[in-house]
Amino acid sequence: MTEPLKSSDEATFRADLVAIIPSLRAFARGLAANRDLADDLAQETLIKAWAARASFTPGTNFKAWMFRILRNHFYTTIKRSRRFTSLDPQIAEQILTTPPNQGGGLLLADLSRGLATLSAEQREALLLVETGMPWDEIASVTNAPLGTVKSRITRGRAALRRYFDGPEDEADVQIQTGRIQAGVGQPQ
Amino acid sequence: MTQEKKPPGSGRGGRRSPGARPDPIGTGLRQLWTDVENEPVPDDFLNLLDAIDQQRSQKVAQAAPGRGGGDDGGDTTKGRNA
């Protein structure tokens with residue numbers, strides 16, 4: 001059993017916890033899409049992290065440690081709770097009824113909707129790499145080999161481009177619509 | 001190109017160096033992320049931190065000097081009152 005933290009280490013830990021809240025909320029929002037669910041997820045993560053503080057080695061990568069806790073909790077919750085296994089109904093509705101803004105440049109709202117059609121694994125890999133996380137850190141946080149991380153990023157980007165470019169033909173529309181209604185994102 | 005020393009992904013602004021092809025998806029992803037980071041922190045989070053601080057100050061009170069309790073989970077072998 002690990003020793004309790006020294007008072008100074010605990011004070012540092014608490015300060016690090018405060019500082020990471022904005023990034024934690026951003027990562028949670030990327031995974032969970034819905035703002036309330038994302039904030040629940042982030043708060044659960046803070047509670048778990050505090051409870052596990054004695055297991056964190058001071059001076060090691062705090063952000064990676066926190067992000068790992070968050071995504072583990074997210075994927076565990078998915079497996080248990082139906083509401084995470086399908087797309088948020090509001091988002092699904094928007095995707096079906098609001099085609100992306102064609103020819104007018106990329107709107108953030110469109111990008112949000114496009115992201116929601118990706119698998120969570122693709123989404124998190126894309127967000128982490130674009131916000132500056134080094135490759136090996138992404139692999140560590142997502143508990144995946146480097147090749148898998150790169151593949152998720154490649155496929156995620158390709159899926160986003162398909163989403164914005166619009167369907168090639170009618171059959172494509174049906175495939176995409178069917179996938180959305182079935183509540184599954186793109187395959188990994 | 002004097003800015004090429006950093007490996008991609010380690011800079012604050014993301015991966016692109018100046019002069020690279022425009023990447024609206026990458027820019028958009030970063031924007032989505034920083035938009036959330038820039039939101040004011042909701043009260044629920046601050047309440048959590050308060051709860052943590054309360055827990056810590058209770059621990060300090062229990063370990064106050066002169067009581068001989070220490071923080072080792074309760075020592076019943078001191079025998080001072082034997």
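Reminder, nothing fancy here: chain letters follow the sequence lines and each chain counts from 1.
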Margin query: If I take atom CG from residue A:D39 and atom CG from residue B:D44, how far apart are they, to the nearest 0.5 angstrom?
Written below: 7.5 Å
Note to self: How long is the straight-line distance from CD1 of B:I25 back to OH of A:Y163, given to the nearest 0.5 Å?
What the structure shows: 12.0 Å
Item checked: Side chain / backbone / both / neither for A:L126 at chain B, heavy atoms under 4.5 Å -> both
Note to self: Please tell me whether A:V129 and B:V36 are part of a single hydrophobic cluster in this structure, the criterion being side-chain heavy atoms less than 4.5 Å apart.
What the structure shows: no
Next item on the list: Indicate yes or no: at least one non-hydrogen side-chain atom of B:Q31 is less than 4.5 angstrom from one of A:L111.
Entry: no
Note to self: If you count every heavy atom of other residues, nucleotides or ligands that lies below 6.0 Å from B:D35 atom CG, does the total exceed 12?
What the structure shows: yes
Margin query: Just verifying a value: how many Å separate A:I21 CD1 and B:F45 CZ, rounded to the nearest 0.5 Å?
Written below: 6.5 Å
Next item on the list: Answer with side chain, backbone, both or neither: which region of A:A42 has an atom nearer than 4.5 Å to a non-hydrogen atom of chain B?
Entry: both
Check: Tell me, do B:L32 and A:S112 make a side-chain contact under 4.5 Å, heavy atoms counted?
Finding: yes
Checklist line | Options B:N38, B:L46, B:L48, ranked by heavy-atom pairs under 4.5 Å with chain A, top entry | finding: B:L48
Check: From B:E39 CD over to A:R35 CZ, what is the distance, rounded to the nearest 0.5 angstrom?
Finding: 4.5 Å
Notebook entry, point to check: Quick one: what part of A:R29 sits under 4.5 Å from any heavy atom of chain B, side chain, backbone, both or neither?
Noted result: side chain
Next item on the list: Please look at A:E10 and chain B and tell me whether the side chain, the backbone, both or neither of the residue comes under 4.5 angstrom of a heavy atom of that chain.
Entry: both
Next item on the list: Report yes if some heavy atom in the side chain of B:W33 is under 4.5 Å from a heavy atom in the side chain of A:R25; otherwise report no.
Entry: no
Checklist line | Interchain contact, A:L115 with chain B, by part (heavy-atom threshold 4.5 Å) | finding: side chain
Next item on the list: Please lay out, stage by stage, how A:Q43 and B:N47 fare under the test side chain to side chain contact (heavy atoms under 4.5 Å, CB included).
Entry: CA-CA 10 Å; A:Q43 284 166 43; B:N47 294 341; over 6 Å; no
Check: Non-hydrogen atoms of chain B under 4.5 Å away: do they reach the side chain of A:A38, the backbone, both or neither?
Finding: neither
Notebook entry, point to check: When only pairs under 4.5 Å are counted, which of A:A11, A:S23, A:S7 shares the most heavy-atom pairs with chain B?
Noted result: A:S23
Item checked: Region of B:D53 that comes under 4.5 Å of a non-hydrogen atom in chain A -> side chain
Margin query: Using the rule given for side chain to side chain contact (heavy atoms under 4.5 Å, CB included), can you reason through B:R30 versus A:L127, listing the C-alpha separation, both sets of side-chain angles and the distance that settles it, and then say yes or no?
Written below: CA-CA 7 Å; B:R30 287 191 292 280; A:L127 285 167; over 6 Å; no
Notebook entry, point to check: Between atom CG of A:L17 and atom CD1 of B:I52, what is the distance when rounded to the nearest 0.5 Å?
Noted result: 5.0 Å
Next item on the list: Measure A:L24 against the heavy atoms of chain B and call it side chain, backbone, both or neither at under 4.5 Å.
Entry: neither
Checklist line | B:L29 versus chain A, the contacting section by heavy-atom distance below 4.5 Å | finding: both
Next item on the list: Mind checking the CD-CD1 spacing from B:E37 to A:I20? Nearest 0.5 Å is all I need.
Entry: 9.5 Å
